[in-house]
Amino acid sequence: MAELIRTGIPGLDQVLKGGLRRNSSILVTGAPGTGKTILALQFIYYGAIDNNENGIFISTEESLEVLDQSAKNLGMDLKSMVDKGKVFFVQKPIATLKGGLSSIKGLVDAIRKNNVKRVALDSLIFFEYLYPRFDGNKMEFRRQVLIFMQEMKKAGVTFLVVSERSVTDFDRLTYDMMDFVFEGIILLSRIRKGSYFERVLTVAKIRGQDHSLDVYPVTIGHDGLKVLVDQTPFSLVEKEGDGFK
Ligand SMILES: Nc1ncnc2c1ncn2[C@@H]1O[C@H](COP(=O)(O)OP(=O)(O)OP(=O)(O)O)[C@@H](O)[C@H]1O
Ligand SMILES: [Mg+2]
């Protein structure tokens, strides 16, 4: 049996029937504001706090200062973990990226040197910028992401990647070629019920692993992002009378 590691997201390990396979590569995808960055941050932060696994968080957008501030409101003292050398924060503003993947080598060295076990990349935009996905280049984009994934695998880390997507209605989902590259996909979305949106999560796939296919409610609050494993989303519960006879 492959070793499963705890994700750091309350409830998610139950959805995954034990956790994430060590050394796997997982895509976390969803619309803006669905909690992708928070989920990735918890994976790194609680990986270090609860599992003693050092982590690297690569951010293409937010600075450590900005992220630290929002982490505080979610019950995480990110800066203290950075100061302790348990979490490494790498900011790669896309505007400054040059030189293709030459930076991978530096990252792999840092993983080895600092005994890093988890890496989160927020987000795949990192590669979009380097290898724009215009028609003639799609394969190069995919190839470079695969190379990066393989490097992370060789380095022995569990790798979580965030990607944006515009349509996250579970009934109208279309799959992107990157969805086929990763071993697992976690989808975050919002479902509307009347005048109210509810946050939800589902696991679309984990290769070689049994997991729940249900849709679960998610909450984000002062203690972070949680999956409510014991509940069916309120937005999906049929009104009395509409249901099955
Ligand atoms: N302290 C908090 N309490 C409650 N909700 C919060 C808190 N902090 C953030 N949120 C919610 O989380 C959302 C942001 O989550 P996050 O940044 O992880 O989204 P994202 O999916 O990464 O978005 P984007 O695609 O824009 O990067 C906010 O829009 C807000 O609704
Ligand atoms: Mg984000």
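Residue indices begin at 1 and follow the sequence shown. One-based numbering, in listed order, for ligands and for the atoms of each.
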* Using 2.8 Å as the cut-off, note every protein N, O or S atom close to the Mg ion (ligand 2). =>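 Listed by chain and number: T37 OG1.
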* Relative to F43, does R118 satisfy both conditions: NZ or CZ under 6.0 angstrom from the six-membered ring centre, and within 45 degrees of the ring's axis? ->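 Because its charged atom sits under 6.0 Å from the ring centre and within 45° of the axis, R118 does stack over F43.
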Contact check: [X] vs ligand 1, nitrogen or oxygen atoms, below 3.5 angstrom:
X: E164; answer: no
X: N73; answer: yes
X: H222; answer: no
X: G221; answer: no

Looking at [X] and [Y], does any basic side-chain N land under 4.0 Å from a carboxylate oxygen?
X: D210; Y: K17; result: yes
X: R22; Y: E53; result: yes
X: K36; Y: E164; result: no
X: R142; Y: D176; result: no

* Tell me whether the centres of the aromatic rings in F159 and F148 are closer together than 6.0 Å. =>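 Here the rings of F148 and F159 have centres that are less than 6.0 Å from each other.
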* **Within reach of ligand 1, part of R190 (heavy-atom separation under 4.0 Å)** =>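 No part of R190 is near ligand 1 at this cut-off.
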To the nearest 0.1 Å, how far is [atom] from its closest protein heavy atom, and which atom is that?
atom: atom 21 (O) of ligand 1; result: K36 NZ, 2.8 Å
atom: atom 10 (N) of ligand 1; result: I220 CG2, 3.7 Å
atom: atom 31 (O) of ligand 1; result: R199 NH2, 2.6 Å
atom: atom 8 (N) of ligand 1; result: L74 CD2, 3.7 Å
atom: atom 26 (O) of ligand 1; result: G33 N, 3.6 Å
atom: atom 9 (C) of ligand 1; result: I38 CD1, 3.8 Å
atom: atom 22 (O) of ligand 1; result: T37 OG1, 2.8 Å

* Asked: Just by modelled atom types, is the V15 backbone N or O under 3.5 Å from a matching donor or acceptor in the S212 side chain?
  ->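 Not a single qualifying donor-acceptor pair exists.
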* Under 3.5 Å donor-acceptor, N54 side chain and N114 backbone ->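 A pair under 3.5 Å: yes.
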* Please lay out, stage by stage, how N52 and K86 fare under the test side-chain hydrogen bond (donor to acceptor under 3.5 Å, both in side chains). => CA-CA 8 Å; N52 203 24; K86 311 273 308 160; 2.7 Å; yes
* With no hydrogens and no angle check, do the side chains of Q144 and E140 hold a donor and an acceptor under 3.5 Å apart? ->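 A donor-acceptor contact under 3.5 Å links the two side chains.
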* **Side-chain H-bond candidate by donor/acceptor type, N23 with T158, under 3.5 Å** =>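 Short answer, no.
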* To do: Ignoring hydrogens, just give me the one of G35, G224, G75 whose non-hydrogen atom is nearest atom 19 (O) of ligand 1.
  =>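 Selected option, by shortest heavy-atom distance: G35.
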* Quickly, which of R165, R207, K205 forms a salt bridge (Lys or Arg N to Asp or Glu O under 4.0 Å) with D179? Name it, please. =>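 Between D179 and the candidates, salt bridge (Lys or Arg N to Asp or Glu O under 4.0 Å) is satisfied uniquely by R165.
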* S235 pairs by side-chain contact (heavy atoms from CB on, under 4.5 Å) with which of R190, R199, K193? ->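 Among R190, R199, K193, the one that satisfies the side-chain contact (heavy atoms from CB on, under 4.5 Å) with S235 is K193.
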* With a 4.0 Å cut-off on heavy atoms, is A31 touching ligand 1? ->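 In this structure, A31 qualifies as a contact of ligand 1 - some heavy atom is under 4.0 Å.
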